[in-house]
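Here the structure comes first, spelled out in structure tokens, and everything after it is commentary.
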Amino acid sequence: MHAYRSHTCGQLRKDHVGQTVRLSGWVFRRRDHGRFLFIDLRDHYGVTQLVFHPERDFFEAATHLKYESVITITGHVIAREGNTINPAMPTGEVEIVVDELVIQSFAAPLPFLVDDKDGGPEELRLKYRFLDLRREKLHKNVVLRARIIASLRRRMTDAGFMEFQTPILTSSSPEGARDFLVPSRLHPGRFYALPQAPQQFKQLLMVAGFDRYFQVAPCFRDEDARADRSPGEFYQLDIEMSYVTQDDVFEAVENVVYGTFAEFSDWRIDDGKGPAPFVRIPYRESMLKYGSDKPDLRIPIEIRDVSEVFRDSGFAAFAGAVKGGAVVRAIPVKDIAAQPRSFYDKLGDFAQSVGAKGLAYLVYNAEGVKGPIAKFLSPEQMEALRAQCGAEPGDAVFFVCDKESAAAKIAGQIRVKLGRDLDRVEKDVFRFCWIVDFPMFEYDEEAKKVEFSHNPFSMPQGGMEALLNKDPLD
RNA sequence: GGAGUGGUAGCUCAAUUGGUUAGAGUACUAGCCUGUCACGCUAGGGGUUGCGGGUUCAAGUCCCGUCCAUUCCGCCA
């Protein structure tokens, strides 16, 4: 028999009963009943219950085994009867009566329990990363990641793409974020930059004639973290294709995204019928309706532009701003009028925390329209707002006023906040979309025209010659 | 870089308007228990309440500073 195991801890079933087996793993749980002892043994594959009896000379040692000690046992498989069967465990119909025990590694007391749901403070979890990764949730996440990457590689290869590795120690290529820098030994005082994305290298591969490239690409960006953005480094599926149109790229990406999500998730995808073209939304429309270029389409709230209604209104703050070039964005919400005053106040606080100067609103109920700004608006203006926002009794409409880009962004964040707080986000479904017709240029703070941050096509100043003459260590 | 929130036992948390010796669960140690599966029961050890200063008869609690964490803004394909 193999020195460490004949089976894994997730493997044994009723038809193994009577066999002598050897298992290795970590002491996951321990239940000491005095005259006998249960230990749940865990490895990568699962958990199996071991039974120790006191007539064995290693019984005393077994009762002192700490959580996460590594042991190898030899024993015989027996069936569990009646209510000793554990239907929650895949191996719950059998257990191992231990005949031999080898303690491979005796664990010290743990800083946190592997059986814990969340494992405690991040600092501790990172210090004892090997323990953290033993926790079921993280272990599953890492396995899922490996399976997804394998699936992506298979799908891309099947679609005729070839995988390349592009350089990590490179010269800086402006992508917008700060570069990570690595000091150069051969050129003291000068630095390599880590790539923020393989953009220029993959384009080089197309120029060089390789036609279809992909890479599970490491990207490095020296920026601060966000809730949905880990700092420093991450991996992305990176693609480049030659002699194609926008639609060809969309089709290639839709196939791999649809297939991968369908393979690994039970959630519906769009209509749930199979690969279909993803919804396409022009940039301007997305910024207006959702206040974002990555809209969450599961939230049934659409922003409207009502600037013209306020232009000649008696609400001086908005009217003046609109005449000065600002816009007013309305966020209509269904069935919300019954919310207490505090709800509106808290939302106002939130609006200010994301940069709004204030948050105006109107509430529609059976008696009519109420709200702090109602008295500043004429009956005709009120009717125009009601019609443009599709407001009915029970609804409310929120208004933000600012320069166009700021108003869009603020309204977009309020839309998402409302969707989540009111539990209006559609459940168990992915709603993919393409944002198309991105602008090539935008205005910066001094109202000068500059390249839009995501514009991938403008040639750098000086053209191709400048690129070729560029010092790689600059 | 700016703002908000938080920091009490190894871990998760409690401690009334400022008021006795800062508690509980878990982990750890010792003991009991023949069918548990987060086993149960008894007892024990474990604390500079992040750190420094201040107010007060009295500070975990209030004030100031500082460090750390976290969320948002700035930044970010």
Side-chain angles (χ1 to χ4, degrees), chain A residues 27-42 47-55 59 63-68 78-95 97 107-128 131-132 135-136 173-180 195-199 202 217 219-239 292-294 346 349-356 406 409-410 413 416-417 435 438 445 451-456:
Chain A
V27 173
F28 187 41
R29 296 193 189 98
R30 200 182 56 201
R31 293 176 295 281
D32 186 348
H33 287 250
R35 301 296 295 165
F36 63 100
L37 166 72
F38 295 114
I39 283 178
D40 290 342
L41 193 67
R42 185 198 73 244
V47 176
T48 298
Q49 175 165 288
L50 312 178
V51 192
F52 293 77
H53 289 290
E55 55 270 20
F59 183 77
T63 62
H64 288 99
L65 277 173
K66 298 288 173 288
Y67 290 122
E68 296 307 308
I78 64 170
R80 297 208 221 173
E81 306 289 347
N83 59 7
T84 72
I85 292 172
N86 185 347
M89 291 171 69
T91 61
E93 286 193 301
V94 297
E95 63 191 6
V97 176
L110 305 172
F112 55 87
L113 293 181
V114 168
D115 205 11
D116 251 18
K117 269 212 157 57
D118 42 40
E122 189 155 41
E123 196 182 342
L124 256 194
R125 290 171 49 197
L126 291 173
K127 180 173 176 183
Y128 298 94
L131 270 185
D132 199 29
R135 292 170 46 234
E136 185 179 22
S173 65
E175 295 266 351
R178 270 188 298 271
D179 286 322
F180 277 107
Q196 299 179 26
Q199 186 68 23
K202 69 179 181 183
C219 304
F220 305 91
R221 290 174 193 160
D222 187 9
E223 299 297 335
D224 291 338
R226 277 289 182 279
D228 61 349
R229 182 178 86 200
S230 60
E233 61 178 88
F234 63 91
Y235 285 76
Q236 65 183 24
L237 176 61
D238 197 56
I239 296 176
S292 169
D293 63 1
K294 45 175 170 38
K346 275 183 198 160
D349 292 343
F350 172 79
Q352 291 193 358
S353 78
V354 296
K409 207 169 160 186
I410 292 163
Q413 293 191 70
V416 170
K417 170 96 173 150
I435 304 301
F438 265 81
E445 284 113 29
E451 286 166 30
F452 190 74
S453 11
H454 311 325
N455 169 5

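A note on names: the letters A, B, ... follow the listed sequences, proteins ahead of strands, and every chain is numbered from 1. Every value quoted in this text rests on a predicted model; they were computed, and no experiment measured them.
- When the C1' atom is used for both B/C13 and B/G60, the distance is 14 Å, rounded to whole Å.
- Nucleotides B/C62 and B/U8 are separated by 15 Å at their P atoms, to the nearest Å.
- Rounded to the nearest Å, the gap between the C1' atom of B/U29 and that of B/G10 is 15 Å.
- The base of B/U36 lies close enough to the side chain of A/Arg80 for a donor and an acceptor atom to sit less than 3.5 Å apart.
- Distance alone, capped at 3.5 Å, is enough to place a donor-acceptor pair between the A/Thr91 side chain and the A/Val47 backbone.
- Remark: the separation of the C1' atoms in B/C28 and B/G19 is 34 Å, to the nearest Å.
- Comparing A/Arg35 and A/Thr84 along RNA chain B, the residue whose closest nucleotide (by nearest heavy atom) sits nearer the 5' end is A/Arg35.
- Pair check for B/G6 finds B/C68; Watson-Crick or G-U wobble, both atom distances under 3.5 Å.
- For A/Arg221, counting side-chain heavy atoms from C-beta on, the closest listed nucleotide (B/A77, B/A38, B/U34) is B/A77.
- Taking 4.0 angstrom as the limit, A/Lys409 places a side-chain polar atom (N or O) nearer than this to OP1 or OP2 of B/G74.
- Scanning atom types as modelled, no donor and acceptor separated by under 3.5 angstrom connect the side chain of A/Glu81 and the base of B/G35.
- Figure legend: cation-pi geometry between A/Arg29 and A/Phe38 absent, as NZ or CZ is not positioned both under 6.0 Å from the six-membered ring centre and within 45° of its axis.
- The interatomic distance linking A/Asp115 (CG) with B/C39 (C1') rounds to 13 Å, in whole Å.
- A gap of 10 Å separates the P atoms of B/G25 and B/A43, to the nearest Å.
- Looking at every heavy atom in both residues, A/Glu233 comes nearest to A/Phe220 through CB-CD2, 3.7 Å.
- For A/Ala197, counting side-chain heavy atoms from C-beta on, the closest listed nucleotide (B/C72, B/A77, B/C11) is B/A77.
- Note on A/Gln413: every side-chain N or O is 4.0 Å or more away from OP1 and OP2 of B/C72.
- Ring-to-base geometry places A/His33 in a stacked arrangement with B/C39 (centre distance under 5.5 Å, plane angle under 30°).
- For B/C63 and B/U55, the C1' atoms lie 7 Å apart once the distance is rounded to whole Å.
- When each of B/C28, B/U34, B/C11 is scored by its nearest atom to the side-chain atoms of A/Lys66, the top-ranked nucleotide is B/C28.
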Inset, instruction - Verify salt bridge (charged side-chain N to carboxylate O under 4.0 Å, His left out) between A/Arg35 and A/Glu55, making sure each step is shown before the conclusion. - result: CA-CA 9 Å; A/Arg35 301 296 295 165; A/Glu55 55 270 20; over 6 Å; no

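- A/Arg30 comes within contact range of the sugar-phosphate backbone alone, with a heavy-atom separation under 4.0 Å but no base atom that close.
- Pair check for B/U49 finds none; no Watson-Crick or G-U wobble contact set falls under 3.5 Å.
- B/A69 and B/A30 have their P atoms separated by 38 Å, given to the nearest Å.
- In this entry B/G74 has no Watson-Crick or G-U wobble partner, no candidate having both defining distances under 3.5 Å.
- The separation of B/U61 from B/C51, taken at their P atoms, amounts to 11 Å, rounded to a whole angstrom.
- Among the nucleotides B/C28, B/C33, B/G10, the one closest to the side chain of A/Tyr67 is B/C28.
- By the 4.5 Å heavy-atom criterion applied to side chains, A/Gln199 and A/Cys219 are not counted as neighbours.
- Here A/Glu95 lies in heavy-atom contact (under 4.0 Å) with a base.
- Across the protein-nucleic acid pair, A/Tyr128 atom OH and B/A27 atom P stand 18 Å apart, rounded to whole Å.
- Of all the heavy atoms in A/Glu81 and A/Thr84, the pair that sits closest is O-OG1, 2.7 Å.
- For B/A43, the paired nucleotide is B/U29, the pair qualifying as Watson-Crick or G-U wobble because both relevant distances are below 3.5 Å.
- Listed nucleotides: B/A27, B/C37, B/C73. Nearest to the side chain of A/Gln49: B/C37.
- When the nucleotides B/G10, B/C37, B/G35 are ranked by their closest atom to the side chain of A/Phe36, B/G35 comes out on top.
- Taking only side-chain atoms of A/Met89, from C-beta outward, the nucleotide of B/A38, B/C37, B/C39 with the closest atom is B/C37.
- Backbone-only contact: A/Leu124 has heavy atoms under 4.0 Å from sugar-phosphate atoms and none from a base.
- Looking at heavy atoms from C-beta onward, A/Phe438 lies in side-chain contact with A/Asp293 at the 4.5 angstrom threshold.
- Residue A/Arg31 places a side-chain atom within donor-acceptor reach of the base of B/U36, judged by atom type and a 3.5 Å distance cut-off alone.
- Of the candidates B/A77, B/C33, B/C72, the closest approach to any side-chain atom of A/Asp293 belongs to B/A77.
- Take A/Glu93 and apply the salt bridge (charged side-chain N to carboxylate O under 4.0 Å, His left out) test, not counting sequence neighbours, and it matches A/Lys14.
- The aromatic ring of A/Phe112 is not stacked on the base of B/C11, since the criterion of ring centres less than 5.5 Å apart with planes inclined by under 30° is not met.
- For A/Asp32 against B/C33, a side-chain N or O and a base N or O form a donor-acceptor pair under 3.5 Å.
- In this structure, B/C13 forms a base pair with B/G23, meeting either the Watson-Crick or the G-U wobble geometry with both donor-acceptor distances under 3.5 Å.
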